[in-house]
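What follows is a short report on a single structure.
All figures in this text were calculated on a predicted structure; none of them were measured in a lab.
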Amino acid sequence: GRFSYRNVTLRTAMALSINVPAVKVMHLIGPQTAIRYARIMGVNSPLAPVLSLALGSSGVTPLEMADVYATIASGGNHPVPTALTRIADTDGKTIEDIPPAVETHVLKPSTVAQLDDMHRAVVTEGTGKPVADVPEARGKTGTTQGHKDTWFVGYTPQLVCAVWAGHPLHNAKTGRDTYGDEMSRGAWGMIVCAPIWRNFMLGAGPIYQAALAKEAATQKTTQKTAPVQIANPNA
């Protein structure tokens, strides 16, 4: 068959989901370095130290992907996922406020700036154009081999959201669903997940702004709890 070669920037490669540059970068920095960065940004799932890791050969969870993108969105500070933000009694009176835990400065500002620009290019020039009407959207589409998994993970300056879709296989004996079956050839992250992300973000944005205004009004009478700062051992 015919092969064509051309030089592209990493920004263009990210925007258009060109895979070869991703593998070349993995080769240059080494899989162990990539894994180290994944860990400090919130990925705890097993990651195999192979070049195909650049293409998603090791599975991660939607929560982990949201955590990684939250690190970029927050300027290189890693917010530790937490399930509880406040404990209240039956009358709604606050018993305990639980401040967010943040590992500070896990990425350099210059690194974050480049990552932010690359993910913005996905939306303005590349495969993420279906979400372009979400103000200040950044993100990345993803589709695994055989269309078994589809993704769109992205953020605005206020919110981060990860969307994953796959085809469940129901096991009648256990009553549980497993994943890994192939979907149709038309199942791409851009087609399946990006519209879900867009609809959620367009709805969530105004809700977030209203919550922010309510919090600002509350702060006039109560002191805001400061985030817990955690020293990052990998910095």
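Nearest heavy atom pair, residue Val160 against residue Ala70, reads CG2-CA, 3.7 Å. A pairwise comparison of heavy atoms in Trp164 and Asp149 identifies NE1-OD2, 3.0 Å as the closest pair. Pro21 approaches Leu10 most closely through the heavy-atom pair CB-CD2, 4.4 Å. Considering all non-hydrogen atoms of both residues, Val131 and Ala194 come closest at CG1-O, 3.4 Å. Contact detail for Ile72 and Tyr155: the closest heavy-atom pair is CG2-OH, 3.4 Å. Residues Gln32 and Pro49 share a closest heavy-atom pair of NE2-CB, 3.6 Å.
A donor and an acceptor atom, one from each side chain of Tyr69 and His119, are located under 3.5 Å apart. Between the side chains of Lys148 and Thr143, no donor-acceptor pair is found at a separation under 3.5 Å.
Under the 3.5 Å distance criterion, the side-chain polar atoms of Thr144 are left unmatched by any main-chain donor or acceptor of His147. Not a single donor-acceptor pair under 3.5 Å links the side chain of Thr127 to the backbone N or O of Leu16. In this structure, Asp91 contributes its side chain and Lys93 its backbone to no donor-acceptor pair below 3.5 Å. Not a single donor-acceptor pair under 3.5 Å links the side chain of Asp117 to the backbone N or O of Gln114. Asn199 places a side-chain N or O within 3.5 Å of a backbone atom of Pro195 that can act as its donor or acceptor partner. Of the possible donor and acceptor atoms, none in the side chain of Glu136 sits under 3.5 Å from a partner among the backbone N and O of Pro157. When atom types are taken as modelled, the side chain of Thr111 and the backbone of Leu107 share no donor-acceptor pair closer than 3.5 angstrom. Side-chain atoms of Thr156 never come within 3.5 Å of backbone atoms of Ala137 as a donor-acceptor pair (strictly under, hydrogens ignored). Checking side-chain atoms of Asn77 against main-chain N and O of His105 turns up a donor-acceptor pair under 3.5 Å.
Residues Val123 and Met65 are members of separate hydrophobic clusters, defined by side-chain heavy-atom contacts under 4.5 angstrom among Ile, Leu, Val, Met, Phe, Trp and Tyr. No continuous path of hydrophobic side-chain contacts links Leu55 to Met118 [ILVMFWY only; heavy atoms under 4.5 Å]. The hydrophobic cluster containing Leu159 also contains Trp197, counting ILVMFWY residues as joined when their side-chain heavy atoms lie under 4.5 angstrom apart, directly or transitively. The cluster map of Ile, Leu, Val, Met, Phe, Trp and Tyr, joined by side-chain heavy atoms under 4.5 Å apart, puts Val122 and Met190 in different clusters. A continuous path of ILVMFWY side-chain contacts below 4.5 Å connects Phe200 to Val163, so both sit in one hydrophobic cluster.
The closest side-chain heavy-atom distance from Met201 to Cys161 is below 4.5 Å. Proximity of Phe152 to Pro130: side-chain heavy atoms (C-beta onward) are nowhere separated by under 4.5 Å. Inter-residue side-chain proximity for Lys140 and Ser17 is flagged as met; some heavy-atom pair is nearer than 4.5 Å. Using a 4.5 Å cut-off on side-chain heavy atoms (C-beta onward), Val80 and Glu103 make contact. For the pair Thr71/Val106, a side-chain contact is recorded, criterion being any heavy-atom separation below 4.5 Å from C-beta on. You'll find the side chain of Leu53 reaches within 4.5 Å of the side chain of Met26, heavy atoms only. Inter-residue side-chain proximity for Leu212 and Tyr208 is flagged as met; some heavy-atom pair is nearer than 4.5 Å. The shortest side-chain heavy-atom distance between Met183 and His167 falls under the 4.5 Å cut-off.
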May I have the step-by-step check of side-chain contact (heavy atoms from CB on, under 4.5 Å) for His170 and Arg176, ending in yes or no? CA-CA 6 Å; His170 187 71; Arg176 296 180 178 179; over 6 Å; no
Take Leu47 and Val43 through the side-chain contact (heavy atoms from CB on, under 4.5 Å) test and state the conclusion after the steps. CA-CA 9 Å; Leu47 300 174; Val43 176; 3.9 Å; yes
side-chain contact (heavy atoms from CB on, under 4.5 Å), that's the test. Do Ile98 and Thr85 meet it? Break it down for me. CA-CA 5 Å; Ile98 304 171; Thr85 59; 5.5 Å; no
Walk me through it: do Thr141 and Cys193 pass the test side-chain contact (heavy atoms from CB on, under 4.5 Å)? CA-CA 8 Å; Thr141 56; Cys193 295; over 6 Å; no
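Salt-bridge formation is not detected for the pair Glu125/Arg120: no Lys NZ or Arg NE/NH1/NH2 atom is positioned less than 4.0 Å from an Asp or Glu carboxylate oxygen.
Note that the CG atom of Asn44 and the OG1 atom of Thr61 stand 8.5 Å from one another [nearest 0.5 Å].
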